[in-house]
Participant: 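Questions regarding the structure given below will be posed in turn.
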Amino acid sequence: MKISKRMSLIKPSVTLAITAKAKALKASGIDVIGFGAGEPDFDTPDIIKKAAIDAIDKGYTKYTAVGGINELKDAVIRKLKRDQGLDYKRDNILVSCGAKHSLYNLTQALFEEGDEVIIPAPYWVSYPEQISITGATPVILNTRESQGFKVHISALENTITDKTRGIILNSPSNPTGAAYTKGELQKIADLIKGKDITVISDDIYEKIVYDGFEFSSIAGLGKEIKKKTVIVNGVSKAYSMTGWRIGYIAGPKRLIKECSMLQSQSTSNPTSIAQYAAVKALNCPDEVIFKMVREFDKRRKYIVQALSFIDGVSCNMPAGAFYVFPDVSNHFGKNYNGKSIGGSVDMANYLLNDCNVAVVPGAAFGADNNIRLSYATSMENIKTGIERIKDGISRLKT
Ligand SMILES: *Cc1c(COP(=O)(O)O)cnc(C)c1O
């Protein structure tokens with residue numbers, strides 16, 4: 001059997017791979033503490049589950065319109081108005097099978113061979129892969145821990161060429177938790193003014209922010225930038241609904257039409273039942289989310305402090321999402337059992353196999369000095385896990 005060349009353009013998701021490996025170890029009876037999770041550890045709120053059960057009882061179990069039911073599009077429109085003051089109509093919205101699917105449709109509709117798409121690093125694992133499979137070139141723009149893992153405007157300016165067709169912004173960020181202020185976004189908006197560059201604004205962690213951080217989406221910074229921006233969002237992270245697979249985009253009508261066409265020939269509508277649940281979620285008072293965020297916040301403060309007590313490890317305080325992204329590179333070049341730790345993948349393997357702690361190597365996010373720990377796990381797990389990391393690192397030999 002011949003496999004298409006296209007498949008050689010992408011690689012599997014490392015985050016899912018490490019989660020699978022940790023699960024396998026757990027299944028074999030080993031007590032592994034998992035910091036790999038890319039999803040909240042809370043249950044989906046009961047009122048949302050109930051909406052799905054009602055939908056089944058009412059017989060809403062058939063195909064819906066390809067781009068989502070009107071009730072859901074309207075709930076998205078109200079949400080964007082309420083939270084960002086943005087005006088969209090139904091033909092500016094497309095609901096898909098998770099934000100990852102939204103991004104896939106988008107990248108397919110927007111980019112092709114010869115195009116360059118700027119991705120600030122550390123980045124979410126799927127961005128470069130989704131760009132690559134379109135034939136376009138992902139252009140990685142590195143950011144620094146000392147600059148809060150945010151793009152420096154002059155570095156961005158130097159990265160833009162006449163081939164640049166897109167830039168992906170993810171604030172708050174997976175994996176760093178960095179979040180852009182309105183002022184920082186304004187600078188980016190000003191820079192791309194008059195250029196044929198589409199901004200993909202992945203706002204999936206918008207609701208998970210701390211210390212009173214005020215989330216802004218770049219689309220809200222004026223008419224011109226709104227026309228160039230596609231907002232990507234969904235219910236997975238804010239409402240602990242990763243398994244339901246509902247994401248959406250809001251953007252220019254012409255682009256939405258193309259993405260809908262692609263969706264009509266691939267997945268058709270997202271699950272009808274999940275769409276009704278998502279309507280309920282988006283109409284929920286934010287208190288449903290805040291309960292979860294307050295819990296994340298306690299863990300965030302604890303984990304950053306606990307990491308600061310580990311020799312040679314530095315860690316920024318994340319402004320949002322539920323990850324920390326410590327730099328562990330001071331320990332590269334050290335040894336255990338005659339093996340040397342050359343980078344983040346070796347470090348993650350050491351921590352998993354010798355310390356029973358699952359973390360994700362930063363290399364997966366384009367930042368080999370770091371590892372990603374998700375604090376979407378219990379405080380008890382966090383305490384035990386960090387102790388194990390501390391102990392493991394202290395046992396490394398120079
Ligand atoms: C989780 C995640 C998504 C995708 O979420 P879906 O479950 O597909 O809606 C998109 N972007 C980032 C940065 C994420 O962490």
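Indexing begins at 1, ligand by ligand and atom by atom, following the structure's order. Index from 1, following the sequence.
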Participant: Which of the atoms in ligand 1, numbered in the order shown and given with their element, are less than 4.0 Å from a heavy-atom of K237?
Facilitator: 1 (C), 2 (C), 3 (C), 5 (O), 14 (C), 15 (O)
Participant: What atoms in ligand 1 come closer than 4.0 Å to a heavy atom of S236?
Facilitator: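 Heavy-atom distances to S236 below 4.0 Å select 6 (P), 7 (O), 9 (O).
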Participant: Determine, using heavy atoms of Y123 and all atoms of ligand 1, whether some pair is separated by less than 4.0 Å.
Facilitator: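 Not so, Y123 does not reach ligand 1.
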Participant: With a 4.0 Å heavy-atom cut-off (strictly under), which part of A99 contacts ligand 1: side chain, backbone, both or neither?
Facilitator: both
Participant: If we check side-chain contact (heavy atoms from CB on, under 4.5 Å) with E295, which of these qualifies: F290, F42, F322?
Facilitator: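 Filter result, single survivor: F42.
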Participant: Just going by heavy-atom distances, which of N170, D203, T242 is nearest to atom 13 (C) of ligand 1?
Facilitator: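 Nearest heavy atom to atom 13 (C) of ligand 1 lies in N170.
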Participant: With a heavy-atom distance limit of 4.0 Å, tell me whether E39 approaches ligand 1 through its side chain, its backbone, both, or neither.
Facilitator: neither
Participant: Are the side chain of Y180 and the backbone of V151 linked by a donor-acceptor contact shorter than 3.5 Å?
Facilitator: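 Yes; judged by distance alone, with no hydrogens or angles, the pair exists.
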Participant: Please work out which of the three classes, parallel, tilted or perpendicular, describes the rings of Y60 and Y276, given edges at 30° and 60°.
Facilitator: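 Parallel: the ring planes of Y276 and Y60 meet at under 30°.
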Participant: Taking the six-membered ring of F215 (Phe, Tyr or Trp), confirm whether the NZ or CZ of K207 is under 6.0 Å from its centre and within 45° of its axis.
Facilitator: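 No cation-pi geometry.
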Participant: Closer than 4.0 angstrom: is that true for some heavy atom of G98 and an atom of ligand 1?
Facilitator: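 Judged by the 4.0 Å heavy-atom criterion, G98 does count as contacting ligand 1.
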Participant: Which bit of Y127 gets closer than 4.0 Å to ligand 1, counting heavy atoms only: side chain, backbone, both or neither?
Facilitator: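 Side chain only.
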Participant: With a 3.5 Å cut-off and no angle check, do the side chains of E116 and T161 form a donor-acceptor pair?
Facilitator: yes
Participant: For D202, take its heavy atoms, then give the atoms of ligand 1 lying under 4.0 Å from any of them.
Facilitator: 10 (C), 11 (N), 12 (C), 13 (C)
Participant: Distance alone, cut at 3.5 Å: any donor-acceptor contact between the side chains of Q108 and Q130?
Facilitator: no
Participant: If the cut-off is 4.0 Å to any non-hydrogen atom of R245, which atoms of ligand 1 fall inside it?
Facilitator: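 Those atoms are 6 (P), 7 (O), 8 (O).
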Participant: Using 30° and 60° as the class limits, which term best fits the ring planes of Y375 and Y210: parallel, tilted or perpendicular?
Facilitator: tilted
Participant: Can you confirm, on distance only, whether ligand 1 has an N/O atom lying under 3.5 Å from any N/O atom belonging to Y323?
Facilitator: no
Participant: Keeping N170 on the side-chain end and D202 on the backbone end, is there a donor-acceptor pair under 3.5 Å?
Facilitator: yes
Participant: Could you tell me the residue and atom name of the protein heavy atom closest to atom 15 (O) of ligand 1, and the distance to it rounded to 0.1 Å?
Facilitator: Y205 OH, 2.6 Å
Participant: Using a 4.0 Å heavy-atom threshold (strictly under), name the region of H101 that reaches ligand 1: side chain, backbone, both or neither.
Facilitator: neither
Participant: Could you go through the side-chain contact (heavy atoms from CB on, under 4.5 Å) check for Y323 and V360 one step at a time?
Facilitator: CA-CA 11 Å; Y323 310 100; V360 186; over 6 Å; no
